[in-house]
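Report on the structure given below.
Naming: A, B, ... by sequence-line order, numbering from 1 per chain.
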Amino acid sequence: MARYQRVRGMRDILPPDAGRWRKVETVIVDVLQRYGYREIRLPLVEATELFARGVGEATDMVEKEMYTFPDRKGKSLSLRPEGTAGCVRAGIETGLLRGSARRLWYHGSMFRYERPQKGRNREHTQIGAEAFGMAGPDIDAEILTMLARAFGELGVAEDLTLELNTLGAGADRARYRQALTDYLTPRADALDEASRLRLATNPLRILDSKVASTRELVADAPNIHDHLSEDSRAHFDGLRARLDHAGIPYRLSPRLVRGLDYYTHTVFEWTTTALGAQNAVCSGGRYDGLVERLGGRATPGAGFGLGLDRLVLLEEARAPGQPAHVDVYVAFAGAAHGPRAAQVAETLRDATRLRVLCHAGEGGLKSQLRAADKSGARWAVVVGDEEARREGALLKPLRDAEAGQILLGMDALVEQLAANANAAANAA
RNA sequence: GUGGGUGUAGCUCAGCAGGUAGAGCCCCGGAUUGUGGAUCCGGUGGUCGUGGGUUCAAGUCCCAUCAUCCACCCCA
């Protein structure tokens, strides 16, 4: 039993998995950059007040899931539970939102003190993006199109369903909230306990309750879509038309309301049935009032957070197996040839982009070749007495039963490996 | 925060009704001197999550605790 264990809900991501993570992150980030989004790096720690004000006092996230602690002078700080509030804070504080860099992406850990379960950890990693200063539905559509592309390129599109809804503008939402409260208050006795509490604090959340009796009650509740202003309706219709035009399928989910207070108009969630109860892989929407609420000048915004822990699980199910981490394994026959082997490896690294692992430490040639095989390398290069005398190295293909090993001079060795590597790259 | 399952070698697990720990995989070495993958042989490795209790005796029973998994809840 190890003396120290990782803290509950925190994870180590080990070699084969870490490679998968990097691959997923690379695909997503590549897509974001191709849409002109630029990276912003943000602190893990913010003033607690920022989240209380930005995400909302009455949200579960703020009420009971934050890692909150006083610093040495007693100021209340929190580990970020989500990325948007910090991004907006940075945008206001630095003046970034007044410039032209209005499409931003970030990557990093988020912390929420929850009970761990499948697809849910206390530290999880998100890639998120925010687009500021664009009020029309075109940017909402761009974000969803971009995500659809990313999921497609990752090969997980079939696992995901886009659920879409609108909450209307702030005024619509207030009006709807009143209508909903008016409907539910006389029926409060029929609500489950949690929903009854929310009636006063956050009645919209009652809509997505999973309690059967509450769902029944809510089925006949007023619909947000009947409370939208002309403009709000136009915004949503505009978004839908663009999605249809782009060929992006979605499901209208009138009860999708999201657990964060800052959303207005568009809200969406990409969900999956492949991960058990934690079905949201990516979600976001529009938050036109947030910048102002956090002290900036009124600026519309829209964005999303994408849960990498869950996305990696999906990608792994779709593309199992682990790719080789080495192309060439350099071995030596006799410890005296170790330095020369290292030299040969350097020569290969100079001349090619191949991943070259040079054996180090103990072990006879036999065990070195065993290691070469296990590494997944396509070639072993062996250096020994004979090779040293001929100022070359032995090239031994490991994945091609037909091919035999040949002793080559250094120039020929480099040439052979470079040519084969290019051929393989072109084939792939 | 609530409920249920599980905690034995690095990993996956077995251990019958309490009698002083086992398999497979992995790792290391060997089966012709400098040659991988298959097979065979051998080896390293465990205070049975932790702390109490019952018992002549506990991995095995009881209690507590911690961790983990799944679900509720919540969300990415």
Review item, nucleotides 27-32 of chain B N/O atoms under 3.5 Å of protein N/O:
residue	atom	partner	partner atom	Å
B:C27	OP1	A:Lys374	NZ	2.3

- Message: For a 4.5 angstrom cut-off between non-hydrogen side-chain atoms, does A:Leu160 reach A:Thr272?
- Response: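 A:Leu160 vs A:Thr272: side chains touch.
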
- Query: Taking the side chain of A:Leu394 as its heavy atoms from C-beta onward, which of B:G36, B:A67, B:G34 lies nearest to it?
  - Reply: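 Output: B:G34.
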
Tell me: [atom1] of [X] to [atom2] of [N], nearest whole Å?
{"X": "A:Glu386", "N": "B:U35", "atom1": "CD", "atom2": "P", "value": "15 Å"}
{"X": "A:Gln5", "N": "B:G7", "atom1": "CD", "atom2": "C1'", "value": "11 Å"}
{"X": "A:Leu369", "N": "B:G36", "atom1": "CG", "atom2": "C1'", "value": "5 Å"}

Side chains of [Y] and [X]: any donor to acceptor distance under 3.5 Å?
{"X": "A:Tyr106", "Y": "A:Glu130", "result": "yes"}
{"X": "A:His265", "Y": "A:Asp140", "result": "no"}
{"X": "A:Arg293", "Y": "A:Tyr287", "result": "no"}
{"X": "A:Thr68", "Y": "A:Ser78", "result": "yes"}

Does [N] pair with anything, Watson-Crick or G-U wobble, both distances under 3.5 Å, and if so, with which nucleotide?
{"N": "B:A57", "answer": "none"}
{"N": "B:G1", "answer": "B:C72"}
{"N": "B:A67", "answer": "B:U6"}
{"N": "B:U44", "answer": "none"}
{"N": "B:G18", "answer": "none"}
{"N": "B:G36", "answer": "none"}

Distance between the [atom1] atoms of [N] and [M], in whole angstroms?
{"N": "B:U47", "M": "B:U35", "atom1": "P", "value": "38 Å"}
{"N": "B:A57", "M": "B:U20", "atom1": "C1'", "value": "9 Å"}
{"N": "B:G18", "M": "B:C56", "atom1": "C1'", "value": "12 Å"}
{"N": "B:G7", "M": "B:C61", "atom1": "P", "value": "11 Å"}
{"N": "B:G45", "M": "B:C40", "atom1": "P", "value": "24 Å"}
{"N": "B:G5", "M": "B:A17", "atom1": "C1'", "value": "25 Å"}
{"N": "B:C25", "M": "B:U2", "atom1": "C1'", "value": "39 Å"}
{"N": "B:G43", "M": "B:U6", "atom1": "C1'", "value": "32 Å"}

Check: [N] base within 3.5 Å donor-acceptor of [X] side chain:
{"X": "A:Gln405", "N": "B:U35", "result": "yes"}
{"X": "A:Asp373", "N": "B:G37", "result": "no"}
{"X": "A:Gln368", "N": "B:G34", "result": "no"}

One thing to verify: whether [Y] and [X] come together as a salt bridge, which I'm taking to mean a side-chain N less than 4.0 angstrom from a carboxylate O.
{"X": "A:Arg34", "Y": "A:Asp30", "result": "yes"}
{"X": "A:Glu93", "Y": "A:Arg89", "result": "yes"}
{"X": "A:Asp60", "Y": "A:Arg198", "result": "yes"}

- Task: Quickly, which of A:Arg103, A:Glu142, A:Arg149 forms a side-chain hydrogen bond (donor to acceptor under 3.5 Å, both in side chains) with A:Tyr35? Name it, please.
- Result: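 Between A:Tyr35 and the candidates, side-chain hydrogen bond (donor to acceptor under 3.5 Å, both in side chains) is satisfied uniquely by A:Arg149.
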
- Sugar-phosphate, base or nothing in reach of A:Glu193, heavy atoms under 4.0 Å: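 Here A:Glu193 touches no strand at all.
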
- Task: Measure the acute angle between the ring planes of A:Tyr329 and A:His359, then classify it against the limits of 30° and 60° as parallel, tilted or perpendicular.
- Result: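 Plane angle between 30° and 60°, so tilted.
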
- Message: Treating primed atoms plus P, OP1 and OP2 as sugar-phosphate and everything else as base, which nucleotides of nucleotides 70-76 of chain B get B, S or - for protein heavy atoms under 4.0 Å?
- Response: SBBBBBB

- Item | Cation over ring face, A:Arg122 and A:Phe111, 6.0 Å, 45° |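 No.
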
